[in-house]
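Please read the structure below before turning to the comments.
Here is the naming used below: chain letters follow the sequence lines, and residue numbers restart at 1 for every chain. Note that the structure is a prediction, hence the values are computed from the model and not measured.
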Amino acid sequence: MLLKKCKPVFALADGNNFYVSCERVFDPSLEGKPVVVLSNNDGIIIARSQEAKDLGIAMGTPAFRIKDWIESGKVTAFSSNYALYGDMSNRMMRIFADFTPAVEVYSIDEAFLDFRGMEVRDWKGLGKTIRQRVRRYIGIPVGIGFGPTKTLAKIANRIAKKLMREVGVAVVDTPGKIRRALELTPVEDVWGIGRRYARLLENQGVRTAADFVRLPDGWIRRHMTVQGLRIKRELQGEPVIALEEVVPPRKAIRTARTFVEDTADLDFIDEAIAHFTVRASQKLRAQGSFARYITVFLKTNRFRSSQPYRSLHYTVRLPYATDSAIVLVHYARLALRRIYDPAYAYKKAGILLSDLQDRSVRQLNLFEPPEDDRHRRLMETVDRLNRRYGADTLRLGVQGQSRAWQLKQMHRSPRYTTRWDEIPVIYAR
DNA sequence: TCTGGGGTCCTAGGACCC
DNA sequence: TCTGGGGTCCTAGGACCC
């Protein structure tokens with residue numbers, strides 16, 4: 001096995017059971033007890049405390065399957081409260097940034113820290129210090145893994161949480177420790193290898209990351225594309241995945257929701273689509289982009305056997321790239337009418353804005369109508385007022401009043417750290 | 001009764017052009 | 001029966017991530 005230099009330079013730090021830990025900060029009596037956080041509409045379990053995991057509650061379990069436990073108080077359940085989690089995340093990231101200027105916020109609950117060029121004699125001690133500081137100031141327990149590549153830092157982090165729970169820090173910094181870490185890691189737990197590849201690899205007799213690294217490059221390239229090859233290099237200690245400190249602008253923006261009940265009501269779906277489009281256009285303007293395409297999609301309930309599953313979508317190439325909610329809603333509604341079939345009841349609907357381009361580099365096409373300056377000013381005003389007086393103070397008429405398609409949230413905790421209308425911006429991919 | 005949401009990258013294959 | 005070669009662009013689909 002080829003192992004190059006293995007001085008750790010990357011750390012992966014993440015909050016343990018992040019959403020659950022956020023809830024516990026505001027109700028410490030939940031420490032040591034089974035706690036879960038539910039998805040939108042209180043549908044499935046998306047976060048579990050260790051005690052909930054120990055009860056055998058799997059990720060993605062439908063909430064109704066543990067309804068008895070929730071009602072009897074054996075398990076405490078929270079509806080997801082992203083305003084709270086986003087705010088706690090920002091605070092945690094700021095602490096990480098005290099230790100190195102090079103931080104990549106990778107998701108709401110984890111960040112890569114780059115210590116290249118810094119003199120660190122005691123990696124484990126550094127990890128412990130970071131951990132203590134986050135615990136003291138934010139109240140969230142974190143796990144930290146150090147390694148010479150991002151993929152190995154991920155593996156070290158997993159070991160810190162699974163096998164060294166008390167310490168919460170693991171350092172992979174010698175060829176021997178890398179080898180041992182790879183042997184301890186099931187191949188499906190390697191960053192970039194999902195269920196499908198894991199099954200394929202299983203058929204080759206590959207069970208651990210150590211087995212994977214022994215596969216010939218040609219086989220990996222053929223079956224797992226260049227991505228697979230990159231994973232192998234990273235596992236061997238050769239950094240090929242760079243730290244991304246600057247969050248690149250999104251290439252697509254999607255807004256979609258599952259309805260509480262299946263519905264064939266076009267007016268209702270129309271309202272929902274208009275609302276999703278307005279939301280997506282806000283995100284679009286927030287990142288300073290224009291969209292060239294809008295896709296509308298409808299899905300029937302795939303768990304219902306009384307009707308066949310249908311997934312419909314229609315994409316409109318807009319006459320010109322725009323960020324105007326008015327223009328986007330207009331085309332979204334046209335697209336909806338192209339796919340809507342009253343013979344079916346729909347469980348989910350959404351829109352996708354794609355082929356996004358930066359506002360400043362928007363190409364002026366001679367054949368495109370010039371952008372309507374009145375829209376621009378109107379949108380700026382709407383965004384400003386909604387930021388100031390609360391989301392949806394100003395809405396388009398088609399967004400309607402019923403709001404019946406909004407989320408079911410039976411167990412949401414208060415927005416402890418933010419005003420009701422403040423949605424913190426989460427800097428994450 | 002009840003099953004989330006929002007992203008990225010890579011490749012193959014078709015359309016089209018010279 | 002034979003029916004070029006090479007390039008680019010676009011899209012759909014499949015894999016992955018949290």
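Rounded to an integer number of Å, the gap from CD of A:Glu110 to C1' of B:dG7 is 14 Å. The CG-C1' distance, from A:Asn157 to C:dC18, rounds to 13 Å in whole Å. Between the CD1 atom of A:Ile231 and the P atom of B:dC10 there is a distance of 12 Å, rounded to whole Å. Protein atom NE2 of A:His223 is 12 Å distant from nucleotide atom P of B:dA12, rounded to whole Å. Between the CZ atom of A:Arg250 and the C1' atom of B:dC9 there is a distance of 15 Å, rounded to whole Å. One interatomic measurement links the two molecules: CD1 of A:Ile108 to P of B:dG7, which rounds to 13 Å at whole-angstrom precision. What separates CG of A:Asp189 from C1' of C:dC16 is a distance of 14 Å, to the nearest Å. Here B:dC2 presents its P atom at 16 Å from CD of A:Glu71, a figure rounded to the nearest Å.
As judged by a 4.0 angstrom heavy-atom cut-off over every strand, A:Asp42 is placed among residues making no nucleic acid contact. The residue A:Ala252 sits close only to the backbone: its heavy atoms come under 4.0 Å of sugar-phosphate atoms, none of a base. Within 4.0 Å of A:Lys251, counting heavy atoms only, lie sugar-phosphate atoms of the nucleic acid but no base atom. Within the 4.0 angstrom heavy-atom criterion, only backbone atoms of the sugar-phosphate kind lie near A:Thr255; the bases stay farther away. Backbone-only contact: A:Arg230 has heavy atoms under 4.0 Å from sugar-phosphate atoms and none from a base. A:Ile253 comes within contact range of the sugar-phosphate backbone alone, with a heavy-atom separation under 4.0 Å but no base atom that close. Residue A:Tyr293 is in sugar-phosphate contact alone, with no base atom involved, counting any heavy-atom pair closer than 4.0 Å across all strands shown. Within 4.0 Å of A:Val190, counting heavy atoms only, lie sugar-phosphate atoms of the nucleic acid but no base atom.
Between B:dG4, B:dC9, C:dC17, one nucleotide has an atom nearer to the side chain of A:Ile44 than all others, and that is B:dG4. Side-chain proximity of A:Thr258 to the nucleotides B:dG4, C:dC18, C:dC16 is greatest for B:dG4. When distances are taken from the side chain of A:Pro62 to each of B:dG4, C:dC16, B:dT3, the shortest belongs to B:dT3. The nucleotide whose nearest atom lies closest to any side-chain atom of A:Asp109 is, among C:dC18, C:dA15, B:dC10, C:dC18. Here the side chain of A:Arg221 is nearest to one of B:dT8, B:dC10, B:dT11, namely B:dT11. Listed nucleotides: B:dC10, C:dC18, C:dA15. Nearest to the side chain of A:Tyr197: C:dA15. Across B:dC10, B:dG4, B:dG6, the shortest atom-to-atom separation from the side chain of A:Ala256 is found for B:dG6. With distances taken from any side-chain atom of A:Arg254 to the nucleotides B:dG4, C:dA15, B:dG6, the minimum falls on B:dG6. Minimum atom distance to the side chain of A:Phe64 is reached by B:dT3, of the listed B:dT3, B:dG4, B:dG5. The listed nucleotides are B:dG7, B:dG4, C:dC18; the one nearest the side chain of A:Lys283 is B:dG7.
The partner of B:dC18 is C:dG5, by the rule that a Watson-Crick or G-U pair needs both atom distances under 3.5 Å.
For the pair A:Arg304 and B:dT1, the criterion of a side-chain N or O lying under 4.0 Å from OP1 or OP2 is not met. Within the 4.0 Å cut-off from OP1 or OP2 of B:dC2, not a single side-chain nitrogen or oxygen of A:Lys67 is found.
Nucleotides C:dG4 and B:dC16 are separated by 16 Å at their C1' atoms, to the nearest Å.
When ring centroids are compared, A:Trp191 and A:Phe112 come within the 6.0 Å threshold. Taking the six-membered ring wherever Trp is involved, the centroid distance between the rings of A:Tyr309 and A:Phe303 does not fall below 6.0 Å.
The aromatic rings of A:Tyr346 and A:Tyr344 sit tilted relative to each other, their planes meeting at an angle between 30° and 60°. Between A:Phe146 and A:Phe115, the ring planes lie tilted relative to each other; the angle falls in the 30° to 60° range.
No donor-acceptor contact under 3.5 Å links the side chain of A:Lys348 to the base of B:dT3.
By the 4.0 Å N-to-carboxylate-O rule, A:Asp98 lies too far from A:Arg94 to be salt-bridged with it. Between A:Arg199 and A:Glu202 there is no salt bridge, since no side-chain N of the basic residue sits under 4.0 Å from a carboxylate O of the acidic one.
The aromatic ring of A:Phe303 stacks onto the base of B:dT3, its centre lying under 5.5 Å from the centre of the six-membered base ring with the two planes under 30° apart.
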Where do A:Arg304 and A:Thr300 land on the side chain to side chain donor-acceptor pair (under 3.5 Å) test, with the steps shown first?
CA-CA 9 Å; A:Arg304 245 176 57 178; A:Thr300 63; over 6 Å; no
